[in-house]
Number of protein chains: 2
Amino acid sequence: MARTTGSHSDITGPRVRAAALKLFAQDGYAAVSMRAIAAEVGVQAGALYNYTPDKQTLLFDLMQGHMDVLLAQMPQGDGQEPLEALKAFVTFHLQYHAGRPDEVFIAYMELRNLSDENFARIEALRRSYEDRLEHILQAGRAAGLFRIHDTKIVALAIIAMLTGVNTWFRAGGRLSLDEVVAQYWDMVRNAVGAGELPR
Amino acid sequence: MARTTGSHSDITGPRVRAAALKLFAQDGYAAVSMRAIAAEVGVQAGALYNYTPDKQTLLFDLMQGHMDVLLAQMPQGDGQEPLEALKAFVTFHLQYHAGRPDEVFIAYMELRNLSDENFARIEALRRSYEDRLEHILQAGRAAGLFRIHDTKIVALAIIAMLTGVNTWFRAGGRLSLDEVVAQYWDMVRNAVGAGELPR
DNA sequence: TTTGCTTTTGAACAATTGTTCATTAACCAC
DNA sequence: GTGGTTAATGAACAATTGTTCAAAAGCAAA
């Protein structure tokens with residue numbers, strides 16, 4: 001046999017990426033064989049190499065795609081006041097991450113399986129994301145709105161807290177996403193010392 | 001050749017666990033071969049099976065050992081008031097985790113490489129740890145000290161925030177551990193709505 | 001219908017995997 | 001020293017790994 005009826009790169013290509021995403025998230029990059037990905041697509045292993053030069057690039061492309069969209073879609077916050085910008089960041093982060101659990105999981109679980117060069121590229125994108133949050137925090141502190149000390153630490157702490165949601169949140173579960181967003185926004189606002197006045 | 005001069009199970013045993021710990025943390029369970037562990041110890045692969053029935057058990061024992069010590073050493077907080085108990089928890093968590101980066105890393109990165117049975121056991125230990133924090137939060141809310149809504153979410157958020165420290169903290173770096181603890185305690189206390197009064 | 005392009009197969013490759021076990025040497029109490 | 005116990009070797013195993021490639025078959029425009 002050779003080419004199969006109905007085969008098209010426009011169809012197979014996305015299916016290869018989808019299968020890799022699903023399996024990498026499920027079992028981990030190192031534990032997923034190219035044959036397993038091929039089986040998920042319904043194809044032989046050799047066919048995958050029409051869509052990626054190698055397994056490493058397949059992982060890298062998934063991670064880079066995720067980070068690119070994350071950075072492109074995140075709120076810009078131009079001219080917004082710091083508290084509003086922070087709220088927008090928190091809301092965006094939770095909503096974006098809740099909608100893409102597999103991408104998120106891979107993006108921070110499989111960092112060590114990247115080659116040195118690829119790791120550096122993803123790390124740069126990640127840092128850029130963190131920096132944008134830190135800028136909001138610096139602006140808020142400068143305006144006397146946030147009572148925080150080290151903006152770098154606070155930025156990392158907030159992101160860790162928010163990203164942790166993905167370990168337990170499931171759409172259709174006990175809490176709606178809006179409820180989750182409301183509670184996390186409460187905590188973040190309080191954590192930066194911008195909680196409600198009455199006590 | 002056979003038994004080597006100076007070989008003793010009291011020495012080799014701990015070295016096997018130490019090598020596995022180091023390599024699993026560095027490269028991931030699936031990416032580390034038994035031969036790589038053996039090479040780190042300075043022994044042939046076959047010798048490892050004097051110390052573990054198989055690779056899976058080696059991973060499980062490391063994780064279980066970590067969780068057992070974590071639960072044994074964590075503050076009990078008997079009769080302590082909630083704010084003090086929370087502070088003790090935060091301090092303990094940060095100090096314990098900062099001192100054992102490899103164990104911590106493995107304990108939450110390699111969960112998916114456990115067999116179903118082993119996963120359930122580790123998960124139970126983890127939940128027990130989370131529950132102890134949640135009890136503190138419930139007591140604080142009942143006493144009117146904490147202004148929080150869902151104690152389960154707050155517990156998970158706090159743990160995620162604290163555990164995230166391990167991704168960047170290095171002893172001897174820009175910040176001392178005490179400074180880190182102080183800043184995280186500030187954030188946690190504020191997050192639960194028990195911040196300082198003056199505003 | 002022919003032609004050229006696209007897409008997949010399936011076999012082959014060298015390397016590596018976890019694990020077993022007969023064999024052998026070092027250790028240690030007597 | 002002797003003998004039993006302990007601890008390692010090193011070869012062997014079947015299975016699986018990522019990747020390559022000639023061959024073949026479907027597709028689409030002429």
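We name chains A, B, ... by the order of the sequence lines, and we start the count at 1 in each one.
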Asker: Which whole-number value in Å describes the distance from A:Asp10 CG to D:dG26 P?
Answerer: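 Going from A:Asp10 (CG) to D:dG26 (P), I get 20 Å.
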Asker: Look at B:Glu110 together with A:Arg112 and state whether they make a salt bridge at an N to O cut-off of under 4.0 Å.
Answerer: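 Here B:Glu110 pairs with A:Arg112 in a salt bridge, since their nearest N and O are under 4.0 Å apart.
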Asker: Out of A:Tyr184, A:Trp185, A:Tyr129, which residue meets the ring-ring contact (aromatic ring centres under 6.0 Å, His included) rule with A:His93?
Answerer: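 The passing option is A:Tyr129.
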Asker: Examine D:dA8: is either OP1 or OP2 under 4.0 Å from a nitrogen or oxygen in the side chain of B:Thr12? Give yes or no.
Answerer: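 Yes.
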Asker: Would you mind reading off the distance between B:Asn50 atom CG and C:dT20 atom P, rounded to a whole angstrom?
Answerer: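 So the two atoms are 12 Å apart, to the nearest Å.
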Asker: Whole angstroms only, please: what is the CG-P distance between A:Leu48 and C:dT8?
Answerer: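 Going from A:Leu48 (CG) to C:dT8 (P), I get 10 Å.
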Asker: Give a yes or no on whether a donor-acceptor pair under 3.5 Å exists between the nucleobase atoms of D:dT19, that is its base, and the side chain of A:Arg35.
Answerer: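 Between D:dT19 and A:Arg35, which were checked side chain against base, a qualifying N/O pair under 3.5 Å is present.
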Asker: For a quick test of reading the model: is some side-chain N or O of A:Tyr51 closer than 4.0 Å to OP1 or OP2 of C:dT8?
Answerer: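 For C:dT8, OP1/OP2 do have a side-chain N/O of A:Tyr51 under 4.0 Å.
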Asker: Please say whether more than 12 non-hydrogen atoms of neighbouring residues, nucleotides or ligands are located less than 6.0 Å from NZ in A:Lys152.
Answerer: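 Yes, because the 6.0 Å sphere around NZ of A:Lys152 holds more than 12 heavy atoms from other groups.
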Asker: Between D:dG26 and A:Thr5, is there an OP1 or OP2 to side-chain N/O distance shorter than 4.0 Å?
Answerer: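 The answer is no; no side-chain N or O of A:Thr5 sits under 4.0 Å from OP1 or OP2.
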Asker: Indicate, yes or no, whether a donor-acceptor pair under 3.5 Å links the base of C:dT24 to the side chain of B:Arg3.
Answerer: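 No, the side chain and the base share no sub-3.5 Å donor-acceptor pair.
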Asker: Name the one of A:Leu177, A:Val90, A:Val180 that satisfies side chain to side chain contact (heavy atoms under 4.5 Å, CB included) with A:Gln95?
Answerer: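 Between A:Gln95 and the candidates, side chain to side chain contact (heavy atoms under 4.5 Å, CB included) is satisfied uniquely by A:Leu177.
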Asker: Looking at A:Ser9, does any N or O in its side chain come under 4.0 Å of the phosphate oxygens OP1/OP2 on C:dT6?
Answerer: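 So the side-chain polar atoms of A:Ser9 never come under 4.0 Å of the phosphate oxygens OP1 or OP2 of C:dT6.
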Asker: What nucleic acid atoms does A:Val41 come within less than 4.0 Å of, heavy atoms only: base, sugar-phosphate, or nothing?
Answerer: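 Nothing, no nucleic acid heavy atom in range.
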Asker: What's the CD1-C1' distance between B:Ile11 and C:dC27, to the nearest Å?
Answerer: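 The answer, rounded to whole Å, is 12 Å.
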Asker: How close or far is atom P of C:dT9 from atom CE of A:Met34, stated in whole angstroms?
Answerer: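 In whole Å, C:dT9 P lies 14 Å from A:Met34 CE.
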Asker: Rounded to the nearest Å, what distance is computed from the CD1 atom of residue A:Ile37 to the P atom of nucleotide D:dT19?
Answerer: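 So the CD1-P distance, A:Ile37 to D:dT19, works out to 10 Å.
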Asker: Is any side-chain N or O of A:His8 closer than 4.0 Å to OP1 or OP2 of D:dA28?
Answerer: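 Affirmative; the distance criterion is met.
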Asker: Which of the following nucleotides, D:dT20, C:dA25, D:dT9, is nearest to the side chain of A:Tyr49?
Answerer: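 Of all the options, the side chain of A:Tyr49 is nearest to D:dT20.
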Asker: Looking only at side-chain N and O atoms, does B:Ser7 come under 4.0 Å of OP1 or OP2 in C:dC27?
Answerer: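 No.
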Asker: Which is more 5' along DNA chain C, the nucleotide nearest B:Lys55 or the one nearest B:Ala47? Just name the residue.
Answerer: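 Its nearest nucleotide being more 5', the pick is B:Lys55.
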Asker: What about the rings of B:His66 and B:Tyr96, do their centers lie closer together than 6.0 Å?
Answerer: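 Yes: the rings meet the under 6.0 Å criterion.
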Asker: Considering just the side-chain nitrogens and oxygens of B:Ser33, establish if one lies under 4.0 Å of OP1 or OP2 belonging to C:dT16.
Answerer: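 Looking at the OP1 and OP2 atoms of C:dT16, neither is under 4.0 Å from any side-chain N or O of B:Ser33.
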